[in-house]
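Here is the structure we will look at, set down as structure tokens.
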Amino acid sequence: MFFFGWGQVNEMTSKTYTCQYLSPNLILVTWHTYPTEDDERHFLSEHRQQLGTAQEPLYYISDLRQGRIITVATLVRMSELTQHPNYGGGTAFSSDPISKIMVSSFRRMSLDATTKTAMFESLEEALGFLESLKAGITDGIDWNAVVSGPG
């Protein structure tokens, strides 16, 4: 299920990941499994669309506990999107060693990615990083309701 804009819901058949607008400028990306190349292309397309239609900078938090992008070419394209004027920043959380390696690779590909993105083991640490980028961005969100399982 995808949320294209605050409150509007659209369905995707893949179920590989979900994008959920938690506020007009904060998007939760939850990976449910490892994506196929088609899933990665679709994700990049959605990511570009989100940034292209945003009225203010967007911030992302990615739950990488069950899946993640592992294709280097896709990570390169994602790192290029950190230079978009509507990219405010992003964070991810997972204790998975592969996730840490992939996010580290992503961050090395772009100067903007090294200053606007970070990976953490817990949801709480990731939320703290988002707050350092934009104070108040995580306020008023019931994180227990939107993130299932241990953070």
Side-chain angles (χ1 to χ4, degrees), residues 1-4 6 12 14-51 54 56-84 86-151:
M1 189 180 314
F2 291 93
F3 294 77
F4 295 102
W6 188 228
M12 180 182 158
S14 168
K15 302 294 185 204
T16 302
Y17 69 92
T18 54
C19 286
Q20 180 180 1
Y21 278 78
L22 302 178
S23 73
N25 62 341
L26 179 59
I27 299 172
L28 170 65
V29 179
T30 305
W31 291 93
H32 305 291
T33 188
Y34 284 90
T36 65
E37 287 183 33
D38 284 343
D39 293 331
E40 290 183 4
R41 279 192 294 275
H42 190 268
F43 176 75
L44 282 170
S45 174
E46 294 301 325
H47 198 33
R48 279 188 206 99
Q49 179 185 8
Q50 291 164 349
L51 292 169
E56 59 185 294
L58 294 177
Y59 297 83
Y60 293 85
I61 182 166
S62 296
D63 181 345
L64 306 180
R65 294 175 296 168
Q66 297 177 34
R68 69 223 35 98
I69 290 174
I70 58 173
T71 306
V72 174
T74 302
L75 292 174
V76 168
R77 289 184 193 95
M78 285 178 58
S79 71
E80 292 166 355
L81 290 175
T82 64
Q83 297 172 24
H84 193 286
N86 285 333
Y87 181 79
T91 187
F93 64 97
S94 176
S95 59
D96 176 71
I98 294 172
S99 292
K100 291 177 185 179
I101 291 167
M102 301 317 293
V103 170
S104 176
S105 297
F106 166 76
R107 292 183 74 227
R108 284 193 305 270
M109 292 177 197
S110 166
L111 177 60
D112 285 330
T114 60
T115 59
K116 293 181 175 181
T117 64
M119 167 86 184
F120 299 96
E121 289 198 20
S122 73
L123 171 62
E124 292 75 19
E125 292 169 305
L127 295 176
F129 178 76
L130 280 177
E131 283 292 325
S132 76
L133 295 176
K134 182 173 174 73
I137 193 161
T138 66
D139 292 350
I141 298 170
D142 182 352
W143 290 100
N144 290 325
V146 296
V147 177
S148 61

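Only this structure's heavy atoms are used, side chains among them; waters, hydrogens and symmetry mates stay out. Predicted, not measured: the structure shown is a model, and the values here were computed from it. Quick note: residue numbers are just sequence positions, from 1.
For N86 against A54, the heavy-atom pair with the smallest separation is ND2-O, 3.3 Å. The two residues H84 and L51 have their closest heavy-atom pair at CE1-O, 3.3 Å. Here the closest non-hydrogen pair linking V29 and C19 is CG2-SG, 4.0 Å. S94 and M119 get closest at one heavy-atom pair: O-CE, 3.2 Å. Across L58 and P24, no two heavy atoms sit closer than the pair CD2-O, 3.7 Å.
For the atom pair OG (S132) and CG (L127), the distance works out to 11.0 Å, reported to the nearest 0.5 Å. Interatomic distance, OH of Y60 versus CG of L26, reported as 10.0 Å (0.5 Å rounding). In this structure, T82 OG1 and M78 CE are separated by 9.5 Å, a value rounded to the nearest 0.5 Å. Remark: I137 CD1 to E131 CD distance equals 7.5 Å, nearest 0.5 Å. Atom CG of D63 is separated from atom NE2 of H32 by 8.5 Å, given to the nearest 0.5 angstrom. From H42, atom NE2 reaches atom OG1 of T16 across 10.0 Å, with rounding to the nearest 0.5 Å.
The environment of CD in E56 is crowded: more than 12 heavy-atom neighbours from other residues, nucleotides or ligands sit within 6.0 Å.
The side-chain heavy atoms of N25 and P57, taken from C-beta on, include no pair separated by under 4.5 Å. A 4.5 Å side-chain heavy-atom check between R77 and R48 finds at least one atom pair inside the cut-off. Using a 4.5 Å cut-off on side-chain heavy atoms (C-beta onward), R68 and Y34 make contact. Using a 4.5 Å cut-off on side-chain heavy atoms (C-beta onward), L44 and L81 make contact.
Ring geometry for F43 against Y17 counts as perpendicular: the plane angle is over 60°, on a 0 to 90° scale with 30° as the lower cut.
At distances below 3.5 Å, not a single donor-acceptor pair connects side-chain atoms of K134 with backbone N or O atoms of G88.
With sequence neighbours left out, the side chain to side chain contact (heavy atoms under 4.5 Å, CB included) criterion links T91 to I61, F120, A126, F129, L130.
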